[in-house]
> 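Pasting in a structure now, in structure tokens, and then I'll have a few things to ask.
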Amino acid sequence: MSSRLIGVGVGPGDPELVTVKGVNALRAADVVVVPVMDTGERGRAEATVLHYVPEEKVVRVVFALNERTDRGRREAAWDAAGERVAQLLAQYDAVAFATIGDPNVYSTFTYLAQTVGELLPGTVVETVPGITAMQDLAARSGAVLTEGTEPLTLVPVTAGSAVLKDALAGPGTVVAYKFGRQAAEVAEALRETGRLEDAVWGSALGLSEESIRPAAELDGEPLPYLSTLIAPVRRDGVRGGKL
């Protein structure tokens, strides 16, 4: 029987936002892999997992999570992580990989599953969806993401502020991920497109250092890398007006 690799979304940081199915998958797996940076500090995924499984069941695997400039170093880290997980899959029937948010939304799990598939053809890959940062921020701030026929656009600002500006000029609500290092450019894009007034940003959601503030308070200073922005579309206030 082929071993199973299960990507489990553990939400944005609040342990209470892990789904029942996610908790069951973590507990049922033989081992739970958590990604860590090469600096070794405990990340959100690991901290969340430890609320539900004992530490001896957790395997820490180094990823170059924030490496943007050195492609060779980044891919070498992915290869090493894939090889380590492949070794675990050779030992165990079920290996879970915990990822913040959702495993199918800008997740390191995508790259891991691809590498493992090449190393161990026939490995069964499954995912358990998780609550995303935009859902959590919407709930905590009261921002409505979509109504009726409105589109929703999700943009990683690591792709460049021009991509965000194009999205803000279009219809519907825009969500921006990973914008902390480009906070000044994001604030300028919001001003230029008339989206600043209603926008909200948040970081460290569900954690002790949580911050949720109006985007109008952005002062150009860099924010945490995993900051999330919601820029709602302007609505006319008529119930069902976008149906």
> Does any N or O in the side chain of Gln135 come within less than 3.5 Å of the main-chain N or O of Thr132, such that one atom is a donor and the other an acceptor?
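Yes: the side chain of Gln135 pairs with the backbone of Thr132.
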> I'd like to check the side-chain hydrogen bond (donor to acceptor under 3.5 Å, both in side chains) partners of Glu118; sequence neighbours left out, ordered by chain and number.
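Per chain and number, Glu118 pairs via side-chain hydrogen bond (donor to acceptor under 3.5 Å, both in side chains) with no residue.
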> Take atom OH in Tyr52; do more than 12 heavy atoms of anything else shown fall under 6.0 Å from it?
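Enclosed.
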> Between Tyr111 and Trp78, how do the two ring planes meet: parallel, tilted or perpendicular, split at 30° and 60°?
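Taking Trp78 first and then Tyr111, their aromatic rings lie parallel (interplane angle under 30°).
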> For the pair Ser3 (side chain) and Ala94 (backbone), establish whether a donor and an acceptor sit closer than 3.5 Å, ignoring hydrogens and angles.
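No, Ser3 side chain to Ala94 backbone: no donor-acceptor pair under 3.5 Å.
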> Should we count CD of Glu209 as having more than 12 external heavy atoms under 6.0 Å?
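More than 12 heavy atoms, drawn from other residues, nucleotides or ligands, come within 6.0 Å of this atom.
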> State whether the side chain of Thr123 and the backbone N or O of Leu120 hold a donor-acceptor pair below 3.5 Å, judged by distance alone.
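Yes, because the side chain of Thr123 sits within donor-acceptor range (under 3.5 Å) of the backbone of Leu120.
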> Is the shortest side-chain heavy-atom distance between Thr108 and Leu112 below 4.5 Å?
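Heavy-atom side-chain distance check fails, nothing below 4.5 Å.
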> Can you tell whether the side chains of Arg140 and Glu210 come within less than 4.0 Å, N to carboxylate O?
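The answer is yes: the pair qualifies as a salt bridge.
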> Got a salt bridge between Asp79 and Arg84, using NZ or NE/NH1/NH2 to carboxylate O under 4.0 Å?
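Answer for the salt bridge query: no.
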> Taking 4.0 angstrom as the limit, do Arg42 and Glu55 come out as a salt bridge?
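Between Glu55 and Arg42 there is a salt bridge, with a charged N closer than 4.0 Å to a carboxylate O.
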> Between Val8 and Thr99, is there a side-chain heavy-atom distance shorter than 4.5 Å?
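Thr99 vs Val8: side chains apart.
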> Under 4.5 Å between side-chain heavy atoms, counting indirect links through other Ile/Leu/Val/Met/Phe/Trp/Tyr residues: same cluster for Leu223 and Leu190 or not?
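Yes; tracing contacts between hydrophobic side chains, which count when under 4.5 Å, links both residues.
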> Hey, is Asp198 close enough to Arg234 for a salt bridge, meaning N to O under 4.0 Å?
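Answer for the salt bridge query: yes.
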